[in-house]
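Values below: all heavy atoms of this structure, side chains included; hydrogens, waters and symmetry mates excluded.
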Amino acid sequence: MDSLSQLVLGAGIGVAVMGRRTAVWKAALWGGVCGTLPDLDVFFKYGDAVRDMTYHRTESHAFFYLTLIAPLIAWLVSKLHSETALLKRWCIALWLALVTHPILDATTIYGTQLLLPFTDHPYGTGSMFIIDPLYTLPLLIGVIVALSRKSFAGLPWNAAGLAISTAYLGWSMLAQAHVRGVAQEALAAQGIAAQTILVTPAPLNTILWRVVVMRPNGLDEGYYSLLDAERKIKFERFASDTQLFEATKNIWAVQRMAWFTHGFFKMQKKDGKAILTDLRMGSEPNYAFSFELAHRQGDTWQEITPKQIGSRGDPSAQLAWLWQRMLGRDIASPR
């Protein structure tokens, strides 16, 4: 999720756990710091664009390592504020602020390696878009009121913000399951029993959902709004060069992206370059993560240093379409 959401989630948890035991500003400050801390890994560079993408949300987001570091941070905070009698409580508060960061990240589709060093599987339910104001706003209001009221009078507001935002996460998972059922019905009506289906929210909301169905030679993409009049999805078909994948599948970056995307990728040739696109983040033809991974040399493909060439399209046109389509209006997405 975005940095603001992680900051206010950590702050809200710090305030809720510490309660009346310490000043609200201290709990919010250190909870917010720990809520943000795991994302400092974005400042590390791993050598190329594919490594930078796929090694983000690794050790710094793993429960094991965060559990090891939480007592040290709690000890430093308790010493700084001369509150060593509250060490245990600080440890609980800051551990929760740390581990809820990757839990929240795992509700997005990116991929978070929660269980390192035991497995490097990138977890992601895909039930939340990376920025969603309806999730962040209750947390933000709760923390602001808690900080602005005297004598801990704002603590119930903070608790309410946490409860509402958590309920919203639950709602997103229920909505996702509903849309998946609609997608399976639509495919069954075409006589297709597709197993590889991706259902993720369109930007900034959980009303409009994007559905991707992988085919042997490409993908189908469609949208469904919870406000649509009918339970059906119109799919558009897009090609992927499967022969190109077969020719380049032994290249490390191709293998890495095929694994990281859980198979939701496509490959294309352009100007003598092999391009792999992560289909999970974006929509046709604009995706945040496309990479040049190889170039043609005679009859073979030679590995090159991966270069990111993603495109986001026209944001104003996309936002205008998003609002109309979310309301259930059957209009084509901007290409």
Side-chain angles (χ1 to χ4, degrees), residues 1-3 38-39 41-58 60-61 102 105-113 120-132 196-204 209-214 218-221 223 238-242 244-245 248-249 251-271 273-295 301 303-315 318 322 333-335:
M1 291 289 285
D2 64 284
S3 297
D39 272 346
D41 69 339
V42 298
F43 295 106
F44 291 94
K45 299 301 179 183
Y46 296 94
D48 61 61
V50 167
R51 284 180 168 84
D52 289 346
M53 179 184 182
T54 62
Y55 288 113
H56 176 46
R57 297 188 183 179
T58 51
S60 70
H61 286 62
D105 275 348
T107 65
T108 69
I109 199 61
Y110 186 95
T112 306
Q113 297 176 41
D120 63 355
H121 181 82
Y123 294 93
T125 66
S127 58
M128 290 286 292
F129 187 69
I130 193 169
I131 301 173
D132 192 324
T196 311
I197 303 175
L198 177 70
V199 179
T200 58
L204 309 174
W209 294 77
R210 175 173 176 257
V211 180
V212 175
V213 182
M214 297 305 299
L219 67 136
D220 288 354
E221 179 187 67
Y223 287 88
F238 301 92
S240 177
D241 192 335
T242 54
L244 179 59
F245 173 68
T248 59
K249 65 182 181 181
I251 293 174
W252 180 87
V254 174
Q255 294 176 348
R256 182 74 176 178
M257 288 302 300
W259 163 78
F260 191 69
T261 63
H262 305 287
F264 289 99
F265 69 93
K266 69 175 182 179
M267 295 202 70
Q268 300 165 295
K269 293 189 288 280
K270 185 178 180 181
D271 300 328
K273 301 286 180 61
I275 299 171
L276 186 149
T277 297
D278 185 340
L279 299 173
R280 302 170 304 157
M281 288 165 280
S283 61
E284 291 291 335
N286 301 303
Y287 291 95
F289 296 103
S290 289
F291 302 93
E292 293 178 351
L293 301 180
H295 70 92
W301 289 93
E303 182 175 4
I304 61 175
T305 300
K307 177 183 177 182
Q308 185 173 348
I309 56 169
S311 170
R312 299 182 186 276
D314 181 357
Q318 292 171 351
L322 176 69
S333 60
R335 299 296 183 196

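Using a 4.5 Å heavy-atom cutoff, the side chains of Phe44 and His56 are not in contact. When side chains are defined from C-beta on, Pro102 does not count as touching Tyr123, because their heavy atoms never get closer than 4.5 Å. With a 4.5 Å cut-off on side-chain heavy atoms, Val254 and Leu276 count as touching. Contact check for Gln308 versus Met53: no side-chain heavy atoms found under the 4.5 Å cut-off. Side-chain contact between Phe291 and Ile309: absent, with no pair of heavy atoms (C-beta onward) separated by less than 4.5 Å.
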Intermediate values then yes/no, side chain to side chain contact (heavy atoms under 4.5 Å, CB included), Lys269 and Trp301: CA-CA 11 Å; Lys269 293 189 288 280; Trp301 289 93; 3.4 Å; yes
Leu219/Leu279 under side chain to side chain contact (heavy atoms under 4.5 Å, CB included): CA gap, chis, key distance, verdict: CA-CA 9 Å; Leu219 67 136; Leu279 299 173; 3.9 Å; yes
Stepwise salt bridge (charged side-chain N to carboxylate O under 4.0 Å, His left out) test for Asp41 and Arg57: CA-CA 7 Å; Asp41 69 339; Arg57 297 188 183 179; over 6 Å; no
Criterion side chain to side chain contact (heavy atoms under 4.5 Å, CB included) on Met281 and Tyr287, from CA distance to verdict: CA-CA 6 Å; Met281 288 165 280; Tyr287 291 95; over 6 Å; no
Stepwise side chain to side chain contact (heavy atoms under 4.5 Å, CB included) test for Ile131 and Met1: CA-CA 6 Å; Ile131 301 173; Met1 291 289 285; over 6 Å; no
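The structure places OH of Tyr46 at 4.5 Å from OG1 of Thr58, a figure rounded to the nearest 0.5 Å. Annotation: the span from Tyr55 atom OH to Asp48 atom CG amounts to 9.0 Å, rounded to 0.5 Å. For the atom pair Leu293 CG and Ile304 CD1, the distance stands at 7.0 Å (nearest 0.5 Å). Distance CZ/Phe238 to CD/Gln268: 11.0 Å, rounded to 0.5 Å. Atom OG1 in Thr112 sits 10.5 Å away from atom NE2 in His121 (nearest 0.5 Å). Once rounded to the nearest 0.5 Å, the distance linking CZ of Arg51 with OG1 of Thr305 reads 9.0 Å.
Applying the side-chain contact (heavy atoms from CB on, under 4.5 Å) criterion to Asp120, with sequence neighbours excluded, gives Gln113, Leu116, Trp259. Under the rule for a salt bridge (Lys or Arg N to Asp or Glu O under 4.0 Å), Arg256 has no partner lying at least two apart in sequence or in another chain. Under the salt bridge (Lys or Arg N to Asp or Glu O under 4.0 Å) criterion, Lys307 pairs with no residue at all, not counting sequence neighbours. For Asn286, the side-chain contact (heavy atoms from CB on, under 4.5 Å) partners are Ser311, Gln318, not counting sequence neighbours. Not counting sequence neighbours, the partners of Glu292 by the salt bridge (Lys or Arg N to Asp or Glu O under 4.0 Å) test are Lys273. Listed by chain and residue number, nothing satisfies the salt bridge (Lys or Arg N to Asp or Glu O under 4.0 Å) test with Asp132 (two or more places apart in sequence, or in another chain).
At least one donor-acceptor pair under 3.5 Å links the side chain of Ser60 to the backbone N or O of Pro38. A donor-acceptor pair under 3.5 Å is absent between the side-chain atoms of Ser290 and the main chain of Thr277, judged by distance alone.
Residues Pro122 and His262 approach most closely at O-NE2, 3.1 Å, considering heavy atoms. Smallest separation of non-hydrogen atoms from Ala274 and Met267: CB-CE, 4.4 Å. What you find for Gly124 and Ile109 is that their closest heavy atoms are O-CD1, 4.0 Å. Closest heavy-atom contact between Leu244 and Asp241: N-OD1, 2.9 Å. Contact record, Ile130 with Thr108: CA-CG2, 4.1 Å, taken as the closest heavy-atom pair. The two residues Pro306 and Val50 have their closest heavy-atom pair at CB-CG2, 3.6 Å.
Not less than 6.0 angstrom separates the ring centroid of Phe265 from the ring centroid of Phe260.
Between Arg210 and Glu284 there is no salt bridge, since no side-chain N of the basic residue sits under 4.0 Å from a carboxylate O of the acidic one.
A donor-acceptor contact closer than 3.5 angstrom links the side chains of Asp39 and His61.
Partner of Val212 under the side chain to side chain contact (heavy atoms under 4.5 Å, CB included) criterion, out of Ile197, Thr196, Leu198, Thr200: Leu198 alone.
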